Amino acid sequence: MRKIKWGVMGTAYIFERDTARGMSLAENCELVAIAGRNMEKAEEFKKKYGFERAYGSYAELLEDPEIEAVYIPLPNTLHYEWTIKALKSGKHVLCEKPLAANAAQAREMFQAARENHVFLMEAFAYQHSPYIKEIRGLIEEGVIGDVRYAEAALITSDYDRSNIRMRKETLGGCTYDLGVYALSLVQRMTGMAPDKIHTAAVLSEEGIDTYTTAVLEYKNGSKAHIDCGMVLETEKNSSLDRFQIHGSKGSITSVNFGFNAPGTLSYRLRTFDGKDELREVEVPNNYCLEVEQLGRCICGEEEPYVTEGFSVSLADTVDRILDGIGYYSGE
């Protein structure tokens with residue numbers, strides 16, 4: 001098995017908390033270099049996670065000819081700039097969600113990937129989970145019939161105002177941070193973009209949304225609903241993750257579920273002909289799965305599971321929700 005030589009651009013918390021473990025587990029991943037805004041932090045991460053070398057700037061990492069792929073866990077406002085630079089440097093890119101500030105930027109990023117003959121994939125680790133794929137498979141097989149209604153939610157603790165999630169200048173707010181999970185799940189399960197969107201939100205004094213709800217209507221008459229918010233007890237790292245999918249022949253409801261949770265996850269399958277089953281799925285490290293999948297793409301074995309069409313459509317929907325709640329205008 002060929003190992004892809006990876007560089008990591010930034011010493012972000014999500015890398016430290018989640019992706020570092022996933023990359024270390026990935027059989028086709030070799031950690032070559034880490035870059036930080038200061039050399040001291042980069043050296044610390046190099047020693048802690050086993051990188052071969054460290055750089056004190058992102059530009060230096062992109063100049064390293066040995067690096068084939070780059071993981072970008074930078075703040076939302078930096079995704080567009082450094083993804084474009086990485087792609088133009090001939091690096092494949094796995095960029096954290098949300099991929100871009102808006103759909104126009106997302107389209108430019110994928111255009112840059114095509115022009116430079118490299119892959120770009122948005123880092124939705126949970127989308128690679130066998131749990132999500134099993135449920136999508138049931139829908140494709142028609143087990144619950146035509147999807148009539150879907151809902152998903154991700155509600156978490158709120159944070160100290162120094163946290164980038166809580167600041168407008170760093171594209172904070174619950175839609176960017178959490179709503180993209182609920183929306184991407186609904187989009188995966190319905191396979192469609194909404195025709196109409198109805199929104200409501202609570203905005204903070206800083207102008208970010210701390211709670212947002214959206215009702216989605218589709219051209220075929222089906223409906224969906226998403227909730228996202230940062231409203232639970234401050235800094236307790238607690239969350240509420242859930243979904244339901246109702247069809248013309250039955251329903252699928254999350255039981256033991258977390259968007260990026262490994263371990264034994266479960267859901268309940270009910271059908272109108274009398275089936276009522278609690279099903280369990282063993283889920284490995286989702287961050288490992290996404291790194292391995294992009295590695296196989298680079299080796300010519302697969303195409304990205306989180307596609308350009310998926311990410312651009314999702315970004316379009318996020319744009320419409322944010323516009324609807326007055327996020328851009330600050331209303």
Side-chain angles (χ1 to χ4, degrees), residues 14 17-19 21-28 94 96-98 121-156 177-192 224-228 237-247 249-271 275-297 302-307 310-311 313-314:
I14 189 171
R17 185 191 66 189
D18 297 312
T19 322
R21 175 63 176 163
M23 296 182 89
S24 69
L25 291 171
E27 293 183 359
N28 60 357
L94 177 65
E96 267 305 328
K97 60 81 201 164
M121 190 169 76
E122 188 171 14
F124 270 115
Y126 90 93
Q127 286 273 336
H128 299 266
S129 166
Y131 177 90
I132 296 297
K133 290 185 176 183
E134 179 170 306
I135 292 169
R136 176 58 190 163
L138 292 173
I139 293 170
E140 290 176 338
E141 292 165 17
V143 173
I144 63 168
D146 297 328
V147 174
R148 302 298 302 154
Y149 174 75
E151 68 176 30
L154 180 53
I155 315 293
T156 70
D177 192 50
L178 309 171
V180 292
Y181 282 104
L183 280 168
S184 61
L185 189 146
V186 167
Q187 179 172 298
R188 180 66 72 185
M189 297 308 170
T190 63
M192 298 181 289
H225 171 243
I226 67 106
D227 281 315
C228 59
N237 200 31
S238 56
S239 70
L240 184 163
D241 310 53
R242 62 173 170 80
F243 68 84
Q244 294 187 58
I245 308 150
H246 292 260
K249 296 180 180 179
S251 64
I252 298 170
T253 305
S254 61
V255 178
N256 180 36
F257 169 68
F259 274 94
N260 277 320
T264 305
L265 304 188
S266 59
Y267 63 90
R268 185 168 296 279
L269 171 65
R270 292 187 176 98
T271 59
K275 182 178 291 184
D276 186 348
E277 298 177 356
L278 180 66
R279 296 187 174 185
E280 295 183 339
V281 181
E282 292 301 320
V283 178
N285 185 293
N286 293 313
Y287 298 90
C288 171
L289 296 179
E290 70 178 354
V291 169
E292 288 188 335
Q293 207 265 322
L294 186 54
R296 293 192 297 272
C297 294
E302 297 179 13
E303 291 296 317
Y305 183 65
V306 181
T307 65
F310 187 91
S311 290
S313 178
L314 182 67

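Just so it is clear, the model here is predicted, and its values are computed rather than measured.
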Minimum heavy-atom separation for [X] to [Y], with atom names?
X      : Y      : value
Ser266 : Glu280 : CB-CG, 4.1 Å
Thr190 : Ala150 : CG2-CB, 4.3 Å
Gly22  : Asn285 : CA-OD1, 3.5 Å

Answer yes or no: is there a side-chain heavy-atom contact under 4.5 Å between [X] and [Y]?
X      : Y      : result
Met189 : Ile132 : yes
Pro130 : Pro284 : yes
Ser184 : Gln127 : yes
Leu185 : Tyr126 : yes

Just by modelled atom types, is the [Y] backbone N or O under 3.5 Å from a matching donor or acceptor in the [X] side chain?
X      : Y      : answer
Thr307 : Phe310 : yes
Lys97  : Ser311 : no
Asp227 : Ala153 : no
Tyr287 : Met23  : no

Rounded to the nearest 0.5 Å, how far apart are [atom1] of [X] and [atom2] of [Y]?
X      : Y      : atom1 : atom2 : result
Leu183 : Leu178 : CG    : CG    : 11.0 Å
Asn286 : Phe259 : CG    : CZ    : 11.5 Å
Thr19  : Glu96  : OG1   : CD    : 5.5 Å
Ser254 : Leu265 : OG    : CG    : 10.0 Å
Arg188 : Lys133 : CZ    : NZ    : 8.5 Å
Ile155 : Ser239 : CD1   : OG    : 9.5 Å

Open item on the list: If we check side-chain contact (heavy atoms from CB on, under 4.5 Å) with Val186, which of these qualifies: Val147, Ile245, Ile226, Leu314?
Closed with: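 The option that passes is Ile226.
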Open item on the list: When you compare the side chains of Glu134 and Tyr267, does any donor N or O come within less than 3.5 Å of an acceptor on the partner?
Closed with: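 Distance-only check passes for Glu134 and Tyr267.
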Open item on the list: According to salt bridge (charged side-chain N to carboxylate O under 4.0 Å, His left out), who are the partners of Arg21, at least two apart in sequence or on a separate chain?
Closed with: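 Applying salt bridge (charged side-chain N to carboxylate O under 4.0 Å, His left out) to Arg21 gives none.
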Task: Counterpart residues, salt bridge (charged side-chain N to carboxylate O under 4.0 Å, His left out), relative to Glu151 (two or more places apart) - done: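 So Glu151 forms a salt bridge (charged side-chain N to carboxylate O under 4.0 Å, His left out) with Arg242.
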Task: Ile252 vs Val143, side chain to side chain contact (heavy atoms under 4.5 Å, CB included): CA-CA, chis, key distance, verdict - done: CA-CA 10 Å; Ile252 298 170; Val143 173; over 6 Å; no
Open item on the list: Can you tell me how the ring of His246 sits relative to the ring of Tyr149, calling it parallel under 30°, perpendicular over 60° and tilted otherwise?
Closed with: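 The arrangement is tilted - the two ring planes meet at 30° to 60°.
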Open item on the list: Test side-chain hydrogen bond (donor to acceptor under 3.5 Å, both in side chains) on Glu282 and Thr264; report intermediate values, then the result.
Closed with: CA-CA 5 Å; Glu282 292 301 320; Thr264 305; 2.6 Å; yes
- [ ] Please step through side chain to side chain contact (heavy atoms under 4.5 Å, CB included) for the pair Val255 and Arg279, ending with a clear verdict.
- [x] CA-CA 9 Å; Val255 178; Arg279 296 187 174 185; over 6 Å; no
Task: Residues Asn260, Tyr181; criterion side-chain hydrogen bond (donor to acceptor under 3.5 Å, both in side chains); working and verdict - done: CA-CA 10 Å; Asn260 277 320; Tyr181 282 104; 3.2 Å; yes
Which atom pairs, donor and acceptor, lie under 3.5 Å between side-chain atoms of residues 289-297 and protein residues at least two apart or in another chain?
| unit_1 | atom_1 | unit_2 | atom_2 | d |
| --- | --- | --- | --- | --- |
| Glu290 | OE1 | Ala125 | N | 3.2 |
| Glu292 | OE2 | Glu27 | N | 2.9 |
| Gln293 | OE1 | Tyr305 | N | 3.1 |
| Gln293 | NE2 | Glu302 | OE1 | 2.9 |
| Gln293 | NE2 | Glu303 | O | 2.9 |
| Arg296 | NE | Glu302 | OE1 | 3.4 |
| Arg296 | NE | Glu302 | OE2 | 2.5 |

Open item on the list: Looking at Asp276, I want to see if its CG is surrounded by more than 12 non-hydrogen atoms of other residues, nucleotides or ligands under 6.0 Å.
Closed with: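 Enclosed: over 12 neighbouring heavy atoms sit under 6.0 Å from CG of Asp276.
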